Number of protein chains: 2
Amino acid sequence: MMPTPERTVDVPQDFEALKAVILERKAQLPKRLKQVAAYSLDNPDEIAFGTAASIATSADVQPSTLVRFAQHFGFEGFSSLQQIFRARLRERTPGYEERLKALSQNEHSKLESGSIFNGFVAAAHRSLDNVATSVDPEAFERAVDILAKADTIYLIAKRRSYPISSYMAYAFGKLKVKYQHVGTAAGIDDDMLAMATKQDAAFAVSFSPYASESASQARSLASRRVPVVSLTDSAFSPLAESSKVWFELVEADHAGFRSLSASMAFAMALTVAIAEKRQRLADGGGPIE
Amino acid sequence: MMPTPERTVDVPQDFEALKAVILERKAQLPKRLKQVAAYSLDNPDEIAFGTAASIATSADVQPSTLVRFAQHFGFEGFSSLQQIFRARLRERTPGYEERLKALSQNEHSKLESGSIFNGFVAAAHRSLDNVATSVDPEAFERAVDILAKADTIYLIAKRRSYPISSYMAYAFGKLKVKYQHVGTAAGIDDDMLAMATKQDAAFAVSFSPYASESASQARSLASRRVPVVSLTDSAFSPLAESSKVWFELVEADHAGFRSLSASMAFAMALTVAIAEKRQRLADGGGPIE
DNA sequence: GTCGGGGTAGAATGGACGTTCCATTTTCCC
DNA sequence: GGGAAAATGGAACGTCCATTCTACCCCGAC
């Protein structure tokens, strides 16, 4: 009989390790065990809370298969494997709602401004969460493509959107990407835009209530076949119709003041992605490929 | 005998509701049940995962007390109360690390720009998390106080910080707070600042590498007893020494590009808090109180 | 002082749980 | 195609669980 104690050393001790091991050995697992492997990674919460019997039914295997599965990975039985799944829920970093709730319970009661501060942080978190799922990566790729190929990038933004374009202007400067910042000094904007050609491109940002200037400038550029990429907050935005690619980005708000965090993160990502693509186009733009 | 069905209507169905009910009735609970109430709110995870026996030991009561506790709140038995605690963990919004990990597993492999995008969103989240804990609410309160009492607020920011002050300028305009935006057109800045008096105040933003102008402007204002509030990224910032209140805010970065999300959220909160305090000062500034 | 009733502890109970075992089926190698 | 080894299904088992029940205790009312 083989002594058991030494086996315990390489048993996964946390969920990530377990997941890695399962994934690694999944292919070589027998049919039923593979079934359990798939189920366990797809429904970790069920494993954490369910009973062997209920999980077995749900995964369409026998309870004994669960035990064998656990033992295959070095656990003593199903129960000890289940501990890993429970620990995962215990230790999971709490959602920011909870973190901020905890925060506001501590600080907010002390000082009124604290709640304002927490409110904006929370709104920013929500916005970022939203943008992470709502931006279509393919559209993003197309936008990067258009702007990376442009000779000069025209940045169009007024009022609330202006901080975004001014960041991009700063970053483009650092990254040596040719740009024109439209919206700075009134009057010369249209003259500036009149010089744009098909070889250029524009990036326009406008949120409701839409600045009519931005819309008409975008329209004018589009009519002269200058490609326009835009960032706005609604499909009905006047910018959308003039744009080759456009992104809908709804910022969360606190007390009616909309966050800019998601737009900012988007702008940074776009800026860096453009610069990076330019780099590659410049390097690979020669004879090869 | 009283029919049971109607009792089920006011049984708490989620953790928040349960918590509220427990808190509400806690004071009037018998000794042992109060003990359980305290334990359950302090160790919700234990309730979720433990067995009645283990929880009873840990809370230093009898298992039967747990059952009575559950029944006191309208549950059929301890197990159904436990479901509430389990659901709480199940439905807890996952940490954004997990969300983004999941996201990047889907999208990133498809498109390279996706990873840039996700990276910036993640950096922004991290920044926000950091700022939520690092900003001292009392310092924030003092900053609000100084700036709310100022006649004119001078906004000082260059380069990377400029988008932040330009947002504040926009918002102050909307909120009818008198301000001067320093850093727009070169040359007239110092003339503008020369007009500042003790009745005014300044808000300066500068991150490393610090713009020497911003530092010297802040120093000049401070020497003339114009109160300065500043936002910077290090205790060694030249701004700190000139400031009555200053905030250290370290932004997370992705690929070397620092986020602006936390600074932006901070700026928004400060702006709105100032405006709100001004409102109150104006209203309550009269005879009463 | 004792009576009554809510509160509690702890043993009793019945059911469900994880696990084990073995007969059967499947897989793969000779 | 036969046979051994691995994999599987399903029943059996002993344990531990949540719950119930009953006796006891405490504490205020009369």
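What you see is a predicted model, and the numbers here were worked out from it, not measured in a lab. Residue numbers start from 1 in every chain, and the chains themselves are labelled A, B, ... in the order their sequence lines are given, proteins ahead of strands.
Under a 3.5 Å cut-off, the side chain of A:Arg258 and the backbone N or O of A:Val250 do not form any donor-acceptor pair. Checking side-chain atoms of B:Glu251 against main-chain N and O of B:Ala262 turns up a donor-acceptor pair under 3.5 Å.
For residues 20-54 of chain B, the ring pair (Phe, Tyr, Trp, His ring centres under 6.0 Å) pairs, not counting sequence neighbours, are A:Phe49-B:Phe49.
Atom NZ of A:Lys34 is separated from atom P of D:dA7 by 12 Å (rounded to the nearest Å). The CD-P distance, from B:Gln35 to C:dT8, rounds to 9 Å in whole Å. Rounded to whole Å, the distance from NE2 on A:His72 to P on C:dT19 is 16 Å. D:dA18 atom C1' lies 14 Å from atom CD1 of B:Ile47, rounded to whole Å. In this structure, B:Leu81 atom CG and D:dT19 atom P are separated by 10 Å, rounded to whole Å. Remark: C1' of C:dT20 and CG of A:Leu66 are 14 Å apart, rounded to the nearest angstrom. One atom, NZ of A:Lys31, and another, P of D:dT8, lie 8 Å apart when rounded to the nearest Å.
Between B:Arg68 and C:dT8 there is a side-chain polar atom (N or O) within less than 4.0 angstrom of OP1 or OP2. OP1 and OP2 of D:dT8 both lie 4.0 Å or more from every side-chain N or O belonging to A:Gln62. Taking 4.0 angstrom as the limit, B:Gln71 places a side-chain polar atom (N or O) nearer than this to OP1 or OP2 of D:dT20.
Under the 6.0 Å cut-off for aromatic ring centres, B:Phe140 and B:Phe266 qualify, their centroids lying closer than that.
With respect to the salt-bridge test (charged N to carboxylate O, under 4.0 angstrom), the residues B:Glu138 and B:Arg142 do not qualify.
Relative orientation of the B:His125 and A:His125 rings is parallel, given thresholds of 30° and 60° on the angle between their planes.
Surrounding CD of A:Glu76 are at most 12 heavy atoms belonging to other residues, nucleotides or ligands under 6.0 Å away.
Within 4.0 Å of A:Leu33, counting heavy atoms only, lie sugar-phosphate atoms of the nucleic acid but no base atom. Base engagement by A:Ser64 is indicated by at least one non-hydrogen atom pair under 4.0 Å involving a base atom.
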Distances under 3.5 Å between nitrogen or oxygen atoms of protein and nucleotides 16-18 of chain C:
unit_1	atom_1	unit_2	atom_2	d
C:dG18	OP1	A:Ala52	N	2.7
C:dG18	OP2	A:Ala52	N	2.7
C:dG18	OP2	A:Ala53	N	3.3
C:dG18	O3'	A:Ser79	OG	2.9

